[in-house]
Amino acid sequence: HDGERGIEMARQTRPDAIILDIGLPGIDGWGVLEELKNDPGTKDIPVHCFSGHDESAKALRMGAIAYYKKPATLDQIKEAFSRIEESSEHGVRRLLVVEDNSVQHSAIHALFEDSQVDVTVCTTGQEALDSLRRESFDCVVLDLSLPDIDGYSLLETIHEDDAYPNIPVIIYTARDLTREQEARLRKYADRIILKTDQSAERLLSEASLFLHWVDSKEPGKAKPADTTAHRDDVFTGCKVLLVDDDMRNIYALSASLEEWGCEVQVANNGRESLEALDANPEVDIVLMDIMMPEMDGYEAMQRIRAQERFKKLPMLALTAKAMRDDRAKCIEAGANDYITKPVDIDKLQSLMRVWLKRS
């Protein structure tokens with residue numbers, strides 16, 4: 001009947017699935033979902049959310065398998081239990097890949113061959129739409145360059161036509177996207193990954209969240225650092241504003257920060273970071289991602305630094321790039337220092353300790 005007990009029971013009993021109301025007393029459903037997906041012991045359990053408000057995009061982005069608006073119909077409840085039954089009976093996650101390049105087919109198949117993931121490939125948009133009507137999938141990986149239907153139109157059709165299930169979609173493309181194109185995609189897509197030599201690891205990592213599966217062979221998955229030995233008073237009660245648009249980064253960094261004794265507030269883009277600081281100017285340090293929609297980290301840091309009250313506020317930039325001039329650009333924008341992604345937790349802790357003590 002409340003969020004705290006729900007988290008406790010999920011960890012104790014490891015159920016086949018969870019039906020979660022968002023409007024709970026104590027920790028609300030969003031907090032419960034975040035806790036479940038941040039815990040290696042429960043992150044693979046499928047969660048079906050019910051709420052009086054239509055926030056399906058947020059729920060699916062956070063890792064829910066389905067979202068139903070109250071009052072739920074009998075057919076919706078039956079659908080939820082059918083998906084639970086199907087999932088527990090087969091134990092296999094189903095991934096639909098919409099891609100016309102045969103080399104990419106082989107690469108994605110190889111990526112998931114050591115996991116319990118059944119990969120279905122469609123080479124045209126119409127073939128993908130037919131498959132979604134006919135079969136049940138847990139996640140879609142979509143390339144934008146298809147021979148018959150533009151990837152944008154296909155994505156809009158999937159999300160706006162009730163004939164198709166509400167399903168997480170990862171855009172996996174080699175295109176250089178304009179800000180307008182990226183904004184259009186983010187309206188419907190749960191993740192956008194640009195194809196590079198290193199992008200396969202990120203695709204596997206992102207897909208694992210939506211497929212509700214934990215794979216010990218996931219490449220690049222480091223063991224959590226033993227942070228308790230480094231805990232000290234500088235972190236206890238420290239108010240951290242974490243600004244990032246990637247939910248997995250938020251989960252991972254929040255877990256470490258909270259373990260050190262920090263109080264974490266999250267913003268999903270630069271604009272939200274400004275609003276968060278206006279509402280809570282007592283923040284002790286800001287961790288600012290650079291590449292974000294609406295307002296990037298450079299502009300956000302410049303605007304923060306332009307305010308007299310935040311002239312001495314420590315800010316650390318988080319960037320996926322490791323170019324020679326990145327540090328200079330971050331410092332010029334107002335950062336005290338920067339760290340590249342994937343974030344080295346020990347290095348982050350050292351940098352935070354230095355700048356917190358100086359401030």
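Excluded from the calculations below are hydrogen atoms, water molecules and symmetry mates; all remaining heavy atoms, backbone and side chain alike, are included. In what follows, residues are counted from 1 in the order of the sequence shown.
- Residues I22 and L24 are not in side-chain contact: their nearest non-hydrogen atoms beyond the backbone lie 4.5 Å or more apart.
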Please report, to 0.1 Å, the donor-acceptor pairs under 3.5 Å made by any side chain of residues 122-130, with sequence neighbours excluded.
unit_1, atom_1, unit_2, atom_2, d
T123, OG1, E127, OE1, 3.3
T124, OG1, E127, N, 3.1
Q126, NE2, D130, OD1, 3.1
E127, OE1, T123, N, 3.3
D130, OD1, R133, NH1, 3.4

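- For D39, the salt bridge (Lys or Arg N to Asp or Glu O under 4.0 Å) criterion is met by R11, not counting sequence neighbours.
- Look at D296 and R271 and you find no salt bridge, because none of the NZ, NE, NH1 or NH2 atoms lies under 4.0 Å from a carboxylate O.
- Here E99 pairs with K195 under the side-chain hydrogen bond (donor to acceptor under 3.5 Å, both in side chains) rule; sequence neighbours left out.
- For the pair P314 and V286, the minimum side-chain heavy-atom distance is 4.5 Å or more.
- Ring pair Y68/H48 is parallel by interplanar angle, where below 30° counts as parallel and above 60° as perpendicular.
- Ring geometry, Y67 versus W30: the interplanar angle falls under 30°, so the pair is classed parallel (tilted spans 30 to 60°).
- Rounded to the nearest 0.5 angstrom, K347 NZ and T340 OG1 are separated by 5.5 Å.
- The local environment of CD in E332 is sparse, with at most 12 non-hydrogen atoms from other residues, nucleotides or ligands closer than 6.0 Å.
- Within the 4.5 Å cutoff, no side-chain heavy atoms of L277 are placed close to those of P281.
- In this structure, M292 and V243 have side chains that are in contact, with non-hydrogen atoms separated by less than 4.5 Å.
- The shortest heavy-atom contact between L20 and G29 is CD2-O, 3.4 Å.
- Shown here is K311, whose NZ atom has more than 12 heavy atoms of other residues, nucleotides or ligands within 6.0 Å.
- Between I192 atom CD1 and T173 atom OG1 the span is 9.5 Å, to the nearest 0.5 Å.
- Between T120 and V97 there is no side-chain heavy-atom pair separated by less than 4.5 Å.
- Under the 3.5 Å distance criterion, with hydrogens and angles disregarded, no donor-acceptor pair is assigned to the side chains of Q104 and Y172.
- Using a 4.5 Å heavy-atom threshold, the side chains of D289 and D246 count as separate.
- Residues R94 and D138 are not paired through a salt bridge, judged by the lack of any N-O separation under 4.0 Å between the basic side chain and the carboxylate.
- Here the closest heavy-atom approach between residue I290 and residue C330 is recorded as CD1-SG, 4.1 Å.
- Minimum interatomic distance between E156 and R184 (heavy atoms only, all atoms of both residues): OE2-NE, 3.2 Å.
- A 4.5 Å side-chain heavy-atom check between D143 and N101 finds every atom pair outside the cut-off.
- L313 and I331 are assigned to two separate hydrophobic clusters, defined by single-linkage of ILVMFWY side chains at heavy-atom distances under 4.5 Å.
- Side-chain contact between T157 and L155 is absent, with no heavy-atom pair separated by less than 4.5 Å.
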